[in-house]
Amino acid sequence: HPILNRILMLDQVADERSREHQRRSTSAAAIVGVLIAFLMLEYHLLVEHRVPWDLIAVIYAMGLTKVALMRWYHFKN
């Protein structure tokens, strides 16, 4: 019931919980993306004997973004 939810603040709890699930799933997806990019990099280096600069750029961009945002949130809070 909407009035009961407002009194008990259940909407806010559910909203915070869903945001936490979204944050965790996004973080997990980013980690899996970096691992796949790293495995592709290893494949190109070891099997094809070539340096895929595009994959290296993607891995560094993801890593730098993660570190920059961690520092930003640390100093902002």
Atom OG1 of T65 and atom OH of Y60: how far apart are they, to the nearest 0.5 Å? 14.0 Å

If you measure from CE on M70 to NE2 on H74, what distance do you get to the nearest 0.5 Å? 10.0 Å

Cluster link I59 to V51, ILVMFWY, side chain under 4.5 Å: yes

Identified side chain to side chain contact (heavy atoms under 4.5 Å, CB included) counterpart of Y43 within the set L41, V47, L46, L45: V47

Provide the full list of salt bridge (charged side-chain N to carboxylate O under 4.0 Å, His left out) pairs with a residue in residues 50-72, sequence neighbours left out, each pair given once. E48-R50

What are the two closest heavy atoms between M62 and A30, and how far apart are they? CE-O, 3.8 Å

Cluster check V58, M40: I/L/V/M/F/W/Y, side chain < 4.5 angstrom: no

Is it true that L39 and I31 fall in one hydrophobic cluster, defined by side-chain heavy atoms closer than 4.5 Å? no

